[in-house]
Number of protein chains: 2
Amino acid sequence: MVVGSENRLLAALPREGRRRFVASCDHVELKLHDILAEAGEQIHHVYFPTAGFISLIVTLDNGAQLEVGIIGNEGMLGSALTLDVSVSPQLAIVQGVGTALRMSAPAFRRQCQQNAKLRERLARYVYVSMRQLAQMSACTRYHQVEARLARRLLMSRDCAGANELHLTHEFLASTLGVRRVGITQAARALQARGLIRYSRGDITITDGAGLEIRSCECYGRGNHMYAQGLDSLRTRSNSCMRPSARGPPT
Amino acid sequence: MVVGSENRLLAALPREGRRRFVASCDHVELKLHDILAEAGEQIHHVYFPTAGFISLIVTLDNGAQLEVGIIGNEGMLGSALTLDVSVSPQLAIVQGVGTALRMSAPAFRRQCQQNAKLRERLARYVYVSMRQLAQMSACTRYHQVEARLARRLLMSRDCAGANELHLTHEFLASTLGVRRVGITQAARALQARGLIRYSRGDITITDGAGLEIRSCECYGRGNHMYAQGLDSLRTRSNSCMRPSARGPPT
DNA sequence: CTCGCAATGTTCGCTGGCGCACTGACGGCT
DNA sequence: AGCCGTCAGTGCGCCAGCGAACATTGCGAG
């Protein structure tokens with residue numbers, strides 16, 4: 001398969017189990033702004049993105065929203081089912097066009113029951129997700145807009161697998177929970193340093209390494225969490241805080 | 001057993017399984033500032049508080065800390081083990097003196113393997129924890145100090161099972177990730193409304209209902225999540241956002 | 001009784017981000 | 001051509017919370 005057209009959560013499964021799993025899936029397109037799950041509603045399908053990404057969004061009573069996580073080809077939407085809960089914890093919206101493997105909730109339950117290796121992988125994924133949520137909390141609290149923007153752009157890049165992104169200031173503002181003007185300022189600062197270029201919804205990362213430096217530690221930590229999730233968290237006692245590659249683009 | 005001396009996560013287990021489970025536990029005291037787990041380190045024991053509570057804390061590179069969750073008698077410390085991961089995701093410190101049932105990690109793994117009902121309960125708990133983390137993220141981002149303080153006091157009350165709390169401004173500041181001065185201001189505002197009284201580390205909630213009104217929605221939502229966790233999340237499609245009682249004190 | 005310390009009260013200037021409103025630029029559609 | 005919608009730039013007043021001091025109070029140890 002072409003690099004990037006694979007879901008890395010499934011890629012780590014043994015060949016045979018993966019074939020059976022994928023055979024029960026549909027290949028679907030992720031269209032911009034598709035709502036794949038709503039907070040508190042039943043989960044009908046699980047999604048394993050192979051390209052593009054999905055935002056997980058918390059909505060408060062006053063209507064304020066905050067992105068609490070994104071799901072790219074390193075993860076899945078609907079992991080609550082692995083916890084035997086069929087209610088979606090958050091709103092899930094496609095924010096980066098792409099494709100995904102989709103499976104119905106009942107079929108997914110059956111696969112989980114039959115496939116121990118799958119269960120194990122997914123349990124790890126849930127664990128990593130929890131760490132990410134906690135890290136995001138602190139990030140949102142303490143880090144400044146410019147650093148968070150840099151982090152978010154890098155994460156988008158990793159999901160998209162390309163340095164060219166289609167993200168408007170307006171959208172980035174809503175995901176980071178700040179004003180659009182705040183993004184404009186931060187983006188200009190990054191552009192002034194030659195790290196990105198942008199125009200009318202197209203953002204190009206021109207210096208990924210530089211952007212990492214301006215981004216907050218949460219980017220590296222996140223990568224490291226996923227990297228850990230891929231190998232043995234069971235036995236090791238890792239120091240757990242060193243950044244590492246989640247897979248820079250082509 | 002005396003009300004409040006029970007861990008509610010275990011209380012929901014069938015009588016026989018619970019007896020076997022508790023038989024493998026030690027009864028231990030939770031002493032103030034005991035560190036029960038460190039971020040990235042091995043989990044040696046799991047804890048089921050029966051009184052008091054444990055803070056989960058994320059630490060950033062610059063040393064800034066933020067409490068991302070608390071564990072009282074509705075939960076457990078070490079749930080990562082149910083995900084087959086033995087590395088603690090966060091720092092866990094006793095912030096409210098009390099008692100807990102403690103079990104070694106290997107024994108806990110065995111119990112999980114043998115006891116399907118236990119696994120089911122714990123999976124639910126992990127799910128609820130994830131929702132809480134996400135909610136906290138948004139709360140920390142958008143809600144003001146006074147409302148967050150009110151929420152935190154109510155949560156402490158529920159854990160302690162009493163309206164008299166022992167919490168200094170300094171401590172509350174660190175958990176909410178704000179300055180001590182911010183707590184002083186917020187606490188004075190709450191006291192002026194006659195909702196609490198405090199002096200030198202002793203805080204008394206004098207009007208719990210009033211405090212709920214001043215607190216942010218996250219308090220009610222949290223309670224509702226736990227309440228849901230106790231009954232069937234599997235089949236229902238709940239609207240999921242109505243507050244309800246998590247158990248006001250005696 | 002007194003010293004020391006923990007806990008709380010208070011002040012002052014600062015700043016990051018907010019809310020709002022308006023402007024300008026580009027591009028697709030009719 | 002003209003229009004409209006999307007996207008970005010700018011200015012202005014505002015405020016919650018920050019950071020850093022310093023003052024006060026009450027309690028326990030010696």
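Just so it is clear: chains get the letters A, B, ... in the order the sequence lines come, proteins before strands, and each one is counted from 1. Note that these values count all heavy atoms, side chains included, but never hydrogens, waters or copies made by symmetry.
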Using modelled atom types only, decide if a donor and an acceptor are shared between the side chain of B/Arg148 and the backbone of B/Leu176 within a distance under 3.5 Å.
yes

Between the side-chain atoms of B/Arg179 and the base atoms of D/dG17, is any donor-acceptor pair under 3.5 Å?
no

Keeping the roles fixed (side chain from B/Asp26, backbone from B/Val28), state whether a donor-acceptor pair exists under 3.5 Å.
no

From the options D/dG9, C/dC18, D/dA20, select the nucleotide whose nearest atom is closest to the side chain of A/Thr184.
D/dG9

Lys/Arg N to Asp/Glu carboxylate O, B/Glu217 vs B/Arg151, below 4.0 Å:
no

Is the phosphate of C/dG9, meaning OP1 or OP2, less than 4.0 Å from a side-chain N or O of B/His169?
yes

For A/Gly182, answer base if it contacts any base atom (sugar-phosphate contacts may also be present), sugar-phosphate if it contacts only those atoms, and nothing otherwise; contact means non-hydrogen atoms under 4.0 Å.
nothing

What is the nucleic acid contact for B/Val181, judged by heavy atoms within less than 4.0 Å: base, sugar-phosphate only, or nothing?
base

Please classify the nucleic acid contact of B/Gln144 as base, sugar-phosphate, or nothing, using heavy-atom distances under 4.0 Å.
sugar-phosphate

Would you kindly give the CD-to-P distance between B/Gln185 and D/dC18, to the nearest whole Å?
10 Å

Nearest whole Å is fine: how far is D/dG17 C1' from A/Tyr142 OH?
12 Å

Rounded off to whole Å, could you give me the CG-to-C1' distance for the B/Asp202 and C/dA7 pair?
11 Å

Round to a whole Å and report the spacing from CD of A/Gln191 to C1' of D/dG9.
12 Å

Do any side-chain nitrogens or oxygens of A/Arg188 fall under 4.0 Å of OP1 or OP2 in D/dT10?
yes

Rounded distance in Å - CG (A/Leu190) to P (D/dG9):
12 Å

Residue whose closest nucleotide on DNA chain D lies nearer the 5' end, A/Ala187 versus A/Arg141
A/Ala187

Should B/Arg193 and B/Asp207 count as an ion pair when the cut-off is N to O under 4.0 Å?
no

What's the verdict on side-chain hydrogen bond (donor to acceptor under 3.5 Å, both in side chains) for A/Glu41 and A/Ser88, showing C-alpha distance, side-chain angles and the deciding distance?
CA-CA 6 Å; A/Glu41 298 295 318; A/Ser88 174; over 6 Å; no

Picking from C/dT11, C/dT8, D/dG9, the nucleotide nearest the side-chain atoms of A/Tyr198 would be D/dG9

Expressed as a whole number of angstroms, how long is the span from A/His143:NE2 to D/dC18:C1'?
16 Å

Can you say whether a donor on the side chain of B/Arg180 sits under 3.5 Å from an acceptor on the base of D/dG19, or the other way round?
no

Atom-pair distance (CG on A/Leu149; P on D/dA8), nearest Å:
12 Å

Upstream residue (5' side of DNA chain D) when A/Gly201 and B/Val145 are each assigned their closest nucleotide
A/Gly201

A/His33 has an atom NE2; how far is it from atom C1' of D/dT6, in whole Å?
12 Å

Presence of salt bridge, B/Arg152 and B/Glu67, under 4.0 angstrom
yes

Minimum-distance nucleotide to B/Thr168 side chain [options: C/dG9, C/dT10, C/dA7]
C/dA7

Look at the side chain of B/Arg200 against the base of C/dA6 and say whether a donor-acceptor pair falls under 3.5 Å; ignore hydrogens and angles.
yes

